[in-house]
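Presented below is the structure to which this report refers.
Worth saying up front: this structure is predicted, and the values here are computed from it rather than measured.
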Amino acid sequence: MTMQCFGFHQGATPEDFSNLPPEQRRKKLQQKVDELNKDIQKEIDQRDALTKMKDVYTKNPQMGDAASVGQKLAEIGHNIEKLRFEVQKFEGWLAEVEGRLPVRNDNSRRQSGLYETQNTTTANNCAQDRESPDGSYTEDQSQETEVKVTPTEFDDDFDDEEPLPTIGTCKALYPFSGTISVAEGEVLNVIEEDKGDGWTRIRRNEDEEGYVPTSYIEVYLDRNAKDS
């Protein structure tokens, strides 16, 4: 009985590999990201092949059913969206391990280059502050902890902005947990349209807003708000 229990606990590995030492966890997360990217590329290759096949069937209906290929293309598109979300999730954990900001939404990806530059400069300055001319350290390690970027600083994206007006509503087609968690069938307000990157900004109330994959929701934009 003891051996069985031990086997169970050994097999119950957390999805983010948080049970491993930092370096081993980093390698596992990187391996997972690489595997997911390969899966995405396979789906993209299959999508490209089916797109060509659909064009052939459309021009030559006797060769095959273009509609059935279209359904398969829709399934592949959904699979790619899910895989990309998984990549984002694992890249967020990987970023935390490597001491960078978590990749939590589209804004973080747009500004990742800026954040990495700032973090590198901060780390260098911190090392210089703690090292005396003779090579010894003059301050404890807590000084470095104090200057690291914390997750709350990431939320400045929202704090520094004026509240965006509601431009419509949306209904969640699937459950999602990210910068904001939504339940399937939940209706929320839309405050920023998809700008072509696959993400829509939504709000539940004055204190709760974030980004969700556009493919996970059905959007109903207000015509007046869109025209304005």
Closest contact, heavy atoms only, [X] versus [Y]:
X: Asp16; Y: Leu29; result: O-CD2, 3.9 Å
X: Ala172; Y: Ile217; result: CA-CG2, 4.1 Å
X: Gly168; Y: Thr166; result: O-CG2, 3.3 Å

Output the distance between atom [atom1] ([X]) and atom [atom2] ([Y]), rounded to the nearest 0.5 Å.
X: Lys42; Y: Ile44; atom1: NZ; atom2: CD1; answer: 13.0 Å
X: Lys82; Y: Glu43; atom1: NZ; atom2: CD; answer: 9.5 Å
X: Asp39; Y: Arg84; atom1: CG; atom2: CZ; answer: 13.0 Å
X: Ser215; Y: Phe85; atom1: OG; atom2: CZ; answer: 10.5 Å
X: Glu91; Y: Glu98; atom1: CD; atom2: CD; answer: 10.0 Å

Quick one: list whatever passes side chain to side chain donor-acceptor pair (under 3.5 Å) with [X], sequence neighbours left out.
X: Asn189; answer: none
X: Thr214; answer: Asp194, Thr200
X: Glu75; answer: none
X: Glu86; answer: Lys89

Is a side-chain donor or acceptor of [X] paired with a backbone partner of [Y] at a separation under 3.5 angstrom?
X: Thr179; Y: Tyr211; value: yes
X: Arg25; Y: Trp93; value: no
X: Arg204; Y: Ser181; value: yes

Does some side-chain heavy atom of [Y] sit less than 4.5 Å from a side-chain heavy atom of [X]?
X: Leu164; Y: Arg203; result: yes
X: Ile191; Y: Ile202; result: no
X: Glu193; Y: Trp199; result: no
X: Leu188; Y: Val182; result: yes
X: Leu83; Y: Leu36; result: yes

Discussion item. Please tell me whether Val187 and Val219 are part of a single hydrophobic cluster in this structure, the criterion being side-chain heavy atoms less than 4.5 Å apart.
Written reply: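 No, Val187 does not connect to Val219 through the hydrophobic network.
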Fill in: Sequence neighbours excluded - salt bridge (Lys or Arg N to Asp or Glu O under 4.0 Å) pairs with any residue from residues 164-176
none
Practice prompt. Output, in order, the C-alpha distance, side-chain angles, deciding distance and verdict of side-chain contact (heavy atoms from CB on, under 4.5 Å) for Asp222 and Ile167.
Written response: CA-CA 6 Å; Asp222 181 78; Ile167 60 174; 5.8 Å; no
Can you sort out the partners of [X] under side-chain contact (heavy atoms from CB on, under 4.5 Å), two or more places apart, ordered by chain and number?
X: Asp45; result: Gln41
X: Glu218; result: Leu173, Tyr220
X: Asp34; result: Gln30
X: Glu23; result: Arg26, Lys27

Please list every donor-acceptor pair under 3.5 Å in which a side-chain atom of residues 46-64 meets a protein atom from a residue at least two apart or in another chain.
from, atom 1, to, atom 2, distance (Å)
Thr51, OG1, Arg47, O, 2.7
Thr58, OG1, Lys54, O, 2.7
Asn60, ND2, Val56, O, 3.3

Discussion item. Once ring-ring contact (aromatic ring centres under 6.0 Å, His included) is applied, do any residues pair with Phe17, and if so which ones, sequence neighbours excluded?
Written reply: none
Worksheet entry | CA sep, side-chain torsions, deciding dist, call: Val69, Asp65, side-chain contact (heavy atoms from CB on, under 4.5 Å) | CA-CA 7 Å; Val69 178; Asp65 182 11; over 6 Å; no
Practice prompt. With sequence neighbours excluded, give me every ring pair (Phe, Tyr, Trp, His ring centres under 6.0 Å) pair touching residues 62-82.
Written response: His78-Tyr174
